[in-house]
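Some notes on the structure that comes next.
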Number of protein chains: 2
Amino acid sequence: MEKVTIQQVARAAGVSASTVSNLLNGRSGRMLPATRDRITEAIAQLGYRPNRAARELRTGRTRTVGLIVPSVGNPFWGAFARELEHAALAEGYNVLLCNSERDPERESHYVEELWDDGVRDIVLCTSLPSLNHLAHIIDQGLRLVTFDRPAQADDPSTVVSISINNVVGGHLAASHLTGLGHRRLTFVSGSLRSVNRTGRYQGFCSAVESAGLAVADMTLWTGADESPFGDVEAADVGRRAVHEIFAAADPPTGVVAINDMTALGVCRGLRDLGLQVGRDVSVVGFDDIILADLYDPPLTTVRQPISQMAQLAIAEIVSHHGLAHREPGRSVLLRPELIVRGSTAAPPVN
Amino acid sequence: MEKVTIQQVARAAGVSASTVSNLLNGRSGRMLPATRDRITEAIAQLGYRPNRAARELRTGRTRTVGLIVPSVGNPFWGAFARELEHAALAEGYNVLLCNSERDPERESHYVEELWDDGVRDIVLCTSLPSLNHLAHIIDQGLRLVTFDRPAQADDPSTVVSISINNVVGGHLAASHLTGLGHRRLTFVSGSLRSVNRTGRYQGFCSAVESAGLAVADMTLWTGADESPFGDVEAADVGRRAVHEIFAAADPPTGVVAINDMTALGVCRGLRDLGLQVGRDVSVVGFDDIILADLYDPPLTTVRQPISQMAQLAIAEIVSHHGLAHREPGRSVLLRPELIVRGSTAAPPVN
DNA sequence: TATGGTCAGTAAATCGTTACACCAGATTGG
DNA sequence: CCAATCTGGTGTAACGATTTACTGACCATA
């Protein structure tokens, strides 16, 4: 049974290939139940499976969703990929996963690769402020859902974005620290020109101000411009940032990190310096990866509802599948949640 | 420029489609340089990209490698996926990533899905002792490379396996602990019927014996049989195992965990009990995920050379691409390396 | 001038599926 | 009773590439 085609099924069932095709595509309305049964049985008997390539060549459609993440090396993206795959599977879709390593060129490369493969729906996790490098493909009909990247003013009009409210998240993190009595705070992030950082930092600042404090310095880890840090190296960013920040006079007692990996790096750096997290210094992360709870001390963090976000993304794709007419895009902002654990406490009295 | 076909390129270059195709497929031997140039320019001018579906329908070949991992939620698999993708990209291949969640049914589902998509090469990360559920597709010509799963006696004959030597790994871990003076050791693992566990436990036992000690009990976390633990939940396994083991009299001073996620769970569990890792109890993991080094204390672990393994897997696939004749499979066992960090030390003198 | 051999490139037949147009026979309506 | 409608399908032309077999044109040899 090397390869069984629709023709063989047709012959076995005593009908034409068209009829088999009609059944396969849900056009079984005008069809005798007996015929339907004969075909169904023939399919089962022969173990027939439609040839995707032929089908796609003919229709130009695929039931595959492309997912481009910065790096599955970062557990946050791994977890999200898992959730998205789960949601897609439930709708009969498959997910094709790619790592951009936050490199715009790789990002473009993958988008084109996916397009060539017939994929017309892509969930893109990017922090790039501009989507210009993809505009030409979007114009051709690519349906793009951006994740973890709020919509920007000059995005192509059909783009849908699903994200948390970063401003709220940054605010939650910082106000948690000010509420505990911290008065000197720092925001740690790589210098990626990330739209998330902007929002989170904004929320951070507003919380600091509304606590009647001066906005603390944000550490711009400029080394990142020379050799861009991937998500895996995010931990290094945090670690190195800490070494620099705490070498200066009057170091902060509270740190908000751009994500959990960076936060873990921050914790590691503090330990290098003989400081104890959750006592000498409080640390807040972002994402709530599995390891946040596993760490010592468990990490206080701003949780992203990835499961819900994944479902939203798939729902968006399913509802527009195969539609050629361009609807204007939408932007969904979900509210993040602060998860308080052991890495934060009142500042030392000294 | 909605869609540009090979015909349009041919017309633009003033040749037939066949000639364009010949150039595209490296048959440019008998072709005037001038013609070649005209075609090349036409391709660039029109932005032509061959239609994959058509190409595949005609040739029956794909340059896509399927990768099935237990769960990208586990950073180890995320890191491996990244490495494999990197190696594949360098050879002009793409990687299609799927999560089996260690569920044999999902595993089969994905293999068939990939097969239908025209994928003929799959890297399968599974711990199942048997590959019977895939035999029928392997017979049809699927080339399977198993990863992190040593070859088994009754595997289909064409299967290639790439793995570390688990016996050596288990031995390294345990003899490190006995060398530090530990005399009561425990091996912690979920009860997954994993071929890895068998090997690692065997190495563990041999090391214990050659140190002149009695083989300690292996903790079979039987709860896993009822509700199978995915890789993400591996940490819970470790944590719960510790609570149970250390409730008994005469608890061990050294623990070897089946992987790093479980080891981190073990550390978390020890902390729950007020014990200090690297002082009261020593812990050794397996894999060397990024977080092992980031943890507090940094985790001693047995490293898998995933980068090298990924390259081997791709090399295997590239060298046999499109070959119909079945060569007998091979099995490659790499030597793991012990990375000593702060989670292990001499046992307390008490 | 036959004969044959390169050279450079082309025509046409696929690959497996889909979808539009069509059709024969039965039923209905006025 | 004739035309219109419905029922349950079928025939066929794509979709875009690859590949085998072939064709003129040109050159060399005997």
Evaluate the side-chain proximity of A:Asp121 to A:Val145: yes if any heavy-atom separation is below 4.5 Å, no if none is.
no
Which of the following nucleotides, D:dA17, D:dT19, C:dG16, is nearest to the side chain of B:Arg61?
D:dT19
Quiz question: going by heavy-atom distance under 3.5 Å, is there a donor-acceptor pair between the base of D:dT19 and the side chain of B:Arg27?
no
Between D:dT18, C:dT18, D:dG16, which nucleotide has the shortest distance from any of its atoms to the side chain of B:Lys3?
D:dG16
If you look at every strand shown and take non-hydrogen atoms under 4.0 Å, does B:Ser21 touch a base, only sugar-phosphate, or nothing?
base
Measuring from A:Ile162:CD1 to A:Ile306:CD1, what's the distance to the nearest 0.5 Å?
13.5 Å
Quick one: do B:Val119 and B:Val65 satisfy side chain to side chain contact (heavy atoms under 4.5 Å, CB included)? Show the steps, please.
CA-CA 6 Å; B:Val119 175; B:Val65 177; 5.9 Å; no
Round to a whole Å and report the spacing from CG of B:Asp116 to C1' of C:dT17.
14 Å
Could you tell me how far apart B:Leu46 (CG) and D:dG16 (C1') are, to the nearest whole angstrom?
15 Å
D:dT12 C1' sits how many Å from A:Ile6 CD1, rounded?
14 Å
In terms of side-chain heavy atoms, does A:Ser21 have a donor or acceptor partner in A:Ser18 at a distance below 3.5 Å?
no
Distance in angstrom units between A:Asn51 CG and D:dC15 P, rounded:
18 Å
Look at the side chain of A:Leu57 and decide which nucleotide, out of C:dT17, C:dC15, D:dC15, has an atom nearest to it.
D:dC15
Note: B:Arg52-A:Glu113 ion pair, threshold 4.0 Å (strictly below)
yes
For B:Glu56, which contact category applies under a 4.0 Å heavy-atom criterion: base, sugar-phosphate, or nothing?
nothing
Given the structure, check if the side chain of A:Arg55 and the base of C:dT17 hold any donor-acceptor pair shorter than 3.5 Å.
no
Carboxylate-amine/guanidinium contact A:Glu101 B:Arg82, below 4.0 Å:
yes
Could you list, one pair per line, each protein nitrogen or oxygen that sits under 3.5 Å from a nitrogen or oxygen of nucleotides 9-11 of chain C, together with the distance?
| residue | atom | partner | partner atom | Å |
| --- | --- | --- | --- | --- |
| C:dG9 | OP1 | B:Thr35 | OG1 | 2.4 |
| C:dG9 | OP2 | B:Leu32 | N | 3.0 |
| C:dT10 | OP1 | B:Ser16 | N | 3.4 |
| C:dT10 | OP2 | B:Ser16 | N | 2.8 |
| C:dT10 | OP2 | B:Ser16 | OG | 2.9 |
| C:dT10 | OP2 | B:Thr19 | OG1 | 2.4 |
| C:dA11 | N7 | B:Ser18 | OG | 3.3 |
| C:dA11 | N6 | B:Ser18 | OG | 3.1 |

Which whole-number value in Å describes the distance from A:Leu23 CG to C:dT18 C1'?
14 Å
Are there over 12 heavy-atom neighbours, none belonging to A:Arg330, within less than 6.0 Å of that residue's CZ?
no
Nearest-Å distance, CD (A:Gln7) to C1' (D:dT12)?
12 Å
Under 4.0 Å from OP1 or OP2 of C:dT18: is there any side-chain N or O of A:Asn25 that close?
yes
